[in-house]
Amino acid sequence: MTQYLNDLNAEQRQAVEQTDGPLLVLAGAGTGKTRVLTTRIAHILAQGKAHPGQILAVTFTNRAAREMQERVGQLVGNAVEGLRFLGTFHAISAKMLRRHAERIGLRQDFTIIDTDDQLRLMKQLLEAEKIDEKKHPARALAGMIDRWKNKGLTPDKISPEMVSDFADGRGPELYAAYQARLATLNAADFGDLLLHAITLLDQHEDVRGQYRQMLRYLMVDEYQDTNVAQYMWLRHLCGDKPNLACVGDDDQSIYGWRGAEVGNILRFERDFPGAEIIRLEQNYRSKGRILKAASGLIDQNRERLGKTLWTNDDDGEPIRLSAHWDSTEEARAIAGGIEELQRDGHYLA
């Protein structure tokens, strides 16, 4: 049953076998982090440390979640059933809310509205409040409310310094009115899934205790891209002595524009005292020169935990630099290069 461990390098195996206590796996690009996560789940199951319903594994896309479940099934020799808490933050939160909807003022059959319905509802709200939608667009209101939800903020927690000049500072008022309309419709938007789950776990000790007791092992992928709300959600589920493993790369946090907080990964040791840190530095994707050039650039960043990628592969071809006026021209050049390679018969496997 432990044959799967033989295919791992030393650091990957250490990350898989370190099952208890808080663990941060700093995984550079192409170092096999997905393999580590899936093998870790399989190892916990194979060793009888937990059954599938006691494992929480969070990914950022539904596709990644499906792939992870398939890989786990292949490793343990059968299709794994019962991994109820393997999915995205929002998908898992939705499951929680369906079960405890009445605790946050909804019915179990609540509707999750899409972006179009969200904008339509906000336009109706602006019209009812006699606010010029051309001057203060519904899309701008939606973006502002989404940013607040990404920070885990309900309308009553918006501080004066957070208020913009949207509709003469009426943002919090409109946010509260929007949430009231959603409740009347027995509906929630995408951001509410996390926000309501945080409220549920924060205000209902019995529910929080139930999930903490149920979930024995917690794992999070792409931890560097978590936002404040996702961090709050995770902390509510963790308890004081969590078997928590977070995998991420502080050099690849690129989603600040949608609320990601790279500080979540940078302060991991402070948040979870006694945490083990394992670095996955052997790269299986790139040639030597690429890694050396990338390391030389990222070393200039002081806001990082630090790691140095290396490879057993050769150095490869010399790096060619290409300068462009802007991102649009750069994109055209890349697309043109891909088309040229295709014409020459080069295709991805």
Side-chain angles (χ1 to χ4, degrees), residues 60 88-98 100-204 207 225-236 255-264:
F60 268 78
T88 65
F89 284 96
H90 294 87
I92 296 172
S93 293
K95 290 182 181 179
M96 292 179 177
L97 296 177
R98 294 288 183 199
H100 307 282
E102 74 286 349
R103 299 290 190 102
I104 45 99
L106 295 174
R107 299 192 305 273
Q108 285 188 337
D109 62 345
F110 68 87
T111 301
I112 302 172
I113 65 172
D114 60 19
T115 302
D116 290 339
D117 288 334
Q118 181 184 26
L119 290 175
R120 192 176 301 113
L121 190 59
M122 289 188 175
K123 287 179 180 179
Q124 294 172 0
L125 177 62
L126 292 172
E127 183 179 356
E129 296 294 328
K130 295 181 172 54
I131 295 172
D132 186 356
E133 208 267 330
K134 292 182 179 179
K135 185 177 180 181
H136 302 290
R139 193 171 296 277
L141 176 61
M144 181 172 62
I145 291 176
D146 187 58
R147 287 191 293 274
W148 285 335
K149 290 185 177 183
N150 283 338
K151 293 182 180 297
L153 297 171
T154 50
D156 58 301
K157 294 180 180 178
I158 307 299
S159 61
E161 59 269 18
M162 295 177 183
V163 179
S164 69
D165 60 357
F166 184 93
D168 299 321
R170 295 177 62 187
E173 173 191 338
L174 294 169
Y175 181 13
Y178 171 67
Q179 293 300 104
R181 289 201 173 201
L182 285 174
T184 300
L185 295 170
N186 189 40
D189 66 21
F190 194 64
D192 281 329
L193 297 178
L194 265 174
L195 190 67
H196 287 332
I198 292 169
T199 300
L200 173 70
L201 295 168
D202 181 54
Q203 297 183 0
H204 300 280
V207 176
D225 288 330
T226 54
N227 59 32
V228 174
Q230 290 161 339
Y231 172 81
M232 293 169 64
W233 181 88
L234 184 64
R235 290 305 302 261
H236 279 310
Y255 288 112
W257 57 273
R258 69 177 186 190
E261 293 281 348
V262 69
N264 290 348

*Can you tell me how far the CZ atom of Arg139 sits from the NZ atom of Lys123, to the nearest 0.5 Å?*
7.5 Å
_Exercise: identify the closest heavy-atom pair between Leu125 and Ala177_ = CD1-CB, 3.7 Å
*asked:* Counting C-beta onward and ignoring hydrogens, is there a side-chain heavy-atom pair between Met96 and Trp233 closer than 4.5 Å?
replied: yes
*Should Gln230 and Asn264 count as side-chain neighbours, where that means a heavy-atom distance under 4.5 Å?*
no
*Does some side-chain heavy atom of Trp148 sit less than 4.5 Å from a side-chain heavy atom of Pro172?*
yes
*Could you tell me whether the side chains of Asp192 and Gln179 share a donor-acceptor contact shorter than 3.5 Å?*
yes
*Please indicate whether Glu127 has more than 12 foreign heavy atoms, meaning atoms of other residues, nucleotides or ligands, lying under 6.0 Å from its CD.*
no
_Any non-hydrogen side-chain atom of Thr111 less than 4.5 Å from a side-chain atom of Leu185?_
no
_Inter-residue atom distance Met232.CE - Ile198.CD1, 0.5 Å rounding_ = 4.5 Å
*Report yes if the side chains of Glu261 and Lys151 come closer than 4.5 Å at any heavy-atom pair, otherwise no.*
yes
*Minimum heavy-atom separation for Phe166 to Ala140, with atom names?*
CE1-CB, 3.9 Å
*Identify the heavy atoms of Met144 and Ser164 that sit nearest to each other, and give their distance.*
SD-OG, 3.4 Å
_Quick check for you: to the nearest 0.5 Å, what is the distance between His236 atom NE2 and Asp202 atom CG?_
4.0 Å
*asked:* Donor-acceptor check, side chain of His90 to backbone of Leu193, threshold 3.5 angstrom: yes or no?
replied: no
*Salt-bridge present (Lys149, Asp146; N to O < 4.0 Å)*: no
*Hey, are the side chains of Ile113 and Leu182 touching, using non-hydrogen atoms and a 4.5 Å cut-off?*
yes
_Quick check for you: to the nearest 0.5 Å, what is the distance between Thr226 atom OG1 and Asn150 atom CG?_
11.5 Å
*Answer whether the closest heavy-atom distance between the side chains of Leu174 and Leu141 falls below 4.5 Å.*
yes
_Does Arg98, at its CZ atom, have more than 12 non-hydrogen atoms belonging to other residues, nucleotides or ligands within less than 6.0 Å?_
yes
*asked:* Taking side chain to side chain donor-acceptor pair (under 3.5 Å) as the definition, give me every residue that meets it alongside Asp114, ordered by chain and number, with sequence neighbours left out.
replied: none
*Taking atom CG of Leu97 and atom NE2 of His196, what is their separation to the nearest 0.5 Å?*
7.0 Å
_Counting C-beta onward and ignoring hydrogens, is there a side-chain heavy-atom pair between Glu129 and Arg170 closer than 4.5 Å?_
yes
*Indicate the ring-plane relationship of Phe89 and Phe60, choosing parallel, tilted or perpendicular according to the 30° and 60° boundaries.*
perpendicular
_Distance-minimising heavy-atom pair for Val207 and Arg103_ = CG2-NH1, 3.6 Å
*Any chance you could measure Ile158, atom CD1, to Ile145, atom CD1, to the nearest 0.5 Å?*
9.0 Å
_Least distance between heavy atoms, Ala183 atom then Leu106 atom_ = CA-CD2, 4.3 Å
*Measure across Val163 and Gly169 and return the closest heavy-atom pair with its distance rounded to 0.1 Å.*
CG1-O, 3.4 Å
